[in-house]
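Read the structure below first, then the notes.
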2 protein chains.
Amino acid sequence: MPDHEREMETVHLLRAATVELGLHSARFAHRNGMHPTDVRALIALLDASRSGTDMTAGRLGALLGLNSAGTTALIDRLERLGHVRRVRDGRDRRRVLVEIEERAVELGWDHFGPLIARAVGLLEGYDERELAAVRRFLTAVRDAAAEAAD
Amino acid sequence: MPDHEREMETVHLLRAATVELGLHSARFAHRNGMHPTDVRALIALLDASRSGTDMTAGRLGALLGLNSAGTTALIDRLERLGHVRRVRDGRDRRRVLVEIEERAVELGWDHFGPLIARAVGLLEGYDERELAAVRRFLTAVRDAAAEAAD
DNA sequence: GCTATTATCTCGCTGAACGAGATACTCGGT
DNA sequence: ACCGAGTATCTCGTTCAGCGAGATAATAGC
């Protein structure tokens with residue numbers, strides 16, 4: 001049986017980093033009178049916006065694992081806080097598009113920006129092979145966790 | 001202004017991996033009739049057990065950011081499911097030590113074991129410098145997120 | 001046009017977590 | 001040895017996120 005010590009310790013490091021990032025996200029939520037789910041919703045909206053897709057209420061709820069009632073309540077909360085707005089889809093008027101407000105984007109950047117900048121700065125000191133190693137590891141972990149969904 | 005493209009994409013990868021790991025943990029919770037907080041509690045108990053520290057009710061609640069009422073309810077839930085047991089501390093009889101049951105450890109290993117094994121297997125293909133790069137990155141991210149707590 | 005399907009919302013309920021305060025135990029000072 | 005301050009946990013009543021069931025509104029197929 002081989003010696004897995006350094007590899008195992010690295011996996012623990014990944015978990016520790018994940019926990020701390022979760023706590024950091026929870027602080028953002030708390031500081032702005034929100035819940036973890038609300039933050040996840042904003043992140044999903046930013047991702048959609050970045051990729052040019054528009055987000056409907058139903059799709060958002062499905063992404064977060066909420067049922068329709070919970071989704072409505074979620075969007076109500078975010079709308080009340082001024083972080084999103086509801087827009088009826090003109091093509092299919094059953095659908096409600098959820099759009100993120102500029103204010104929410106700035107709020108998120110204020111909180112997560114410094115951390116992101118620091119991580120980017122760190123990686124700038126890495127050579128090509130080191131950066132590739134990090135990317136390969138993160139990609140594989142992401143895919144492995146995603147695959148386990150069945 | 002420098003080109004941050006590859007570094008920024010790597011940070012997005014980290015976030016994606018974090019999200020997927022969170023979902024994987026949520027599946028474990030759901031599958032066993034538990035809530036995210038319960039899983040976090042079990043992880044904290046495993047960490048304490050690994051480092052030989054014993055965990056009191058109060059310390060557990062503080063770690064998870066719960067107040068005393070919530071902590072009592074959490075331990076009640078875990079005890080009802082047979083995952084932990086309460087043990088009065090002999091030295092300071094105000095304190096309640098929370099000990100994890102072997103059954104819960106096995107349950108966790110069944111769920112997270114395959115993912116951990118896969119990550120370890122991946123890292124075995126890395127040379128010394130690549131592994132060090134991954135460890136350096138994760139350590140720095142963990143510390144940066146933890147430092148932001150104030 | 002009429003029916004089936006899809007998207008969202010409303011209502012009533014359960015349960016996690018909170019604040020306030022009760023209870024039980026420990027420890028330092030006199 | 002006692003008393004009061006401090007500490008650890010638990011109890012009670014409340015709030016609110018999320019669920020299940022079902023209502024409402026718009027679209028699509030025949």
Side-chain angles (χ1 to χ4, degrees), chain A residues 22-23 25-45 48 53-81 83-99, chain B residues 22-23 25-45 48 53-81 83-99:
Chain A
L23 290 175
S25 172
R27 282 193 293 275
F28 173 64
H30 193 75
R31 199 183 283 186
N32 295 288
M34 294 165 47
H35 299 261
T37 301
D38 304 355
V39 178
R40 286 173 56 212
L42 290 181
I43 290 174
L45 287 168
T53 328
D54 47 25
M55 181 67 89
T56 66
R59 225 166 73 76
L60 181 60
L63 271 171
L64 303 180
L66 299 179
N67 73 0
S68 63
T71 304
T72 298
L74 164 71
I75 299 173
D76 284 349
R77 283 198 303 277
L78 291 176
E79 201 172 37
R80 207 178 314 124
L81 288 169
H83 294 329
V84 305
R85 57 178 172 277
R86 280 179 165 93
V87 180
R88 274 280 167 201
D89 187 341
R91 298 170 194 193
D92 183 343
R93 301 208 12 263
R94 291 170 300 180
R95 300 207 287 174
V96 167
L97 303 180
V98 183
E99 297 177 358
Chain B
L23 290 175
S25 172
R27 283 193 293 275
F28 173 65
H30 193 76
R31 198 184 284 187
N32 295 288
M34 294 166 46
H35 298 261
T37 301
D38 304 355
V39 179
R40 287 173 56 211
L42 289 181
I43 290 173
L45 287 168
T53 327
D54 46 26
M55 181 68 88
T56 65
R59 224 164 76 75
L60 181 60
L63 271 171
L64 303 180
L66 300 180
N67 72 0
S68 63
T71 304
T72 298
L74 164 71
I75 299 172
D76 284 349
R77 283 198 303 277
L78 290 175
E79 202 171 38
R80 206 178 314 124
L81 288 170
H83 294 329
V84 305
R85 57 178 171 278
R86 280 180 165 92
V87 181
R88 274 279 168 201
D89 187 340
R91 299 173 194 189
D92 183 343
R93 300 207 13 262
R94 290 170 301 181
R95 301 207 287 173
V96 168
L97 303 180
V98 183
E99 296 178 358

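Proteins get letters first, then strands, A, B, ... in listed order; numbering begins at 1 in each.
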### Summary
Rounded to whole Å, CG of A:Leu66 lies from P of C:dC9 at a distance of 13 Å
### Message
Without decimals, in angstroms, what is the distance between B:His35 NE2 and D:dA17 P?
### Response
16 Å
### Query
Between A:Arg88 (CZ) and C:dA7 (P), how many Å, whole number?
12 Å
### Message
At less than 4.0 Å, is any side-chain N or O atom of A:Thr37 found next to OP1 or OP2 of D:dG18? Yes or no.
### Response
yes
### Query
Starting at CG of A:Asp76 and ending at C1' of C:dC9, how long is that distance when rounded to a whole Å?
9 Å
### Query
How long is the line joining CG of A:Asp89 and P of D:dA26, in whole Å?
13 Å
### Summary
The reported gap from CG in A:Asp89 to CG in A:Asp54 (rounded to nearest 0.5 angstrom) is 7.0 Å
### Query
Which part of the nucleic acid, if any, lies within contact of B:Gly65, taking any heavy atom under 4.0 Å across all strands shown: a base, the sugar-phosphate backbone alone, or nothing?
sugar-phosphate
### Message
Over all strands shown, is A:Arg86 touching base, sugar-phosphate only, or nothing at heavy-atom distances under 4.0 angstrom?
### Response
sugar-phosphate
### Summary
Of the listed C:dC9, C:dG19, C:dC11, the closest approach to the B:Ala69 side chain comes from C:dG19
#### Entry: N or O in side chain of B:Arg77 less than 4.0 angstrom from C:dA17 OP1/OP2
yes
### Task
Using the closest heavy atom to pick a nucleotide of DNA chain D for each, name whichever of A:Ser68 or A:Thr71 lands nearer the 5' end.
A:Thr71
### Task
Ignoring backbone atoms, establish whether B:Arg93 has a side-chain N or O less than 4.0 Å from OP1 or OP2 of D:dT7.
no
### Query
How close or far is atom C1' of C:dT8 from atom CG of A:Leu60, stated in whole angstroms?
13 Å
### Query
Rounded to the Å, how far apart are A:Leu97 CG and C:dC9 C1'?
16 Å
### Query
Going from CG on A:Leu60 to CG on A:Leu74, what distance comes out if it is rounded to the nearest 0.5 angstrom?
5.5 Å
### Query
Is any side-chain N or O of A:Arg94 under 3.5 Å from a base N or O of C:dT6, one able to act as donor and the other as acceptor?
yes
### Message
Using OP1 and OP2 only, check whether a side-chain N or O of A:Asn67 sits under 4.0 Å from D:dG18.
### Response
no
### Query
Backbone N or O of B:Glu99 within a donor-acceptor pair of the B:Arg86 side chain at under 3.5 Å?
no
### Query
Where each residue is assigned the nucleotide of DNA chain D containing its nearest heavy atom, which of A:Asp38 and B:Ala57 is assigned the position nearer the 5′ end?
B:Ala57
### Task
Ignoring hydrogens and angles, tell me if any N or O in the side chain of A:Arg85 forms a donor-acceptor pair with the backbone of A:Val98 under 3.5 Å.
no
### Task
Could you state the atom-to-atom distance from NE2 of B:His30 to C1' of D:dG18 in whole Å?
12 Å
### Task
Check whether any side-chain heavy atom of B:Thr53 lies under 4.5 Å from a side-chain heavy atom of B:Arg59, and answer yes or no.
yes
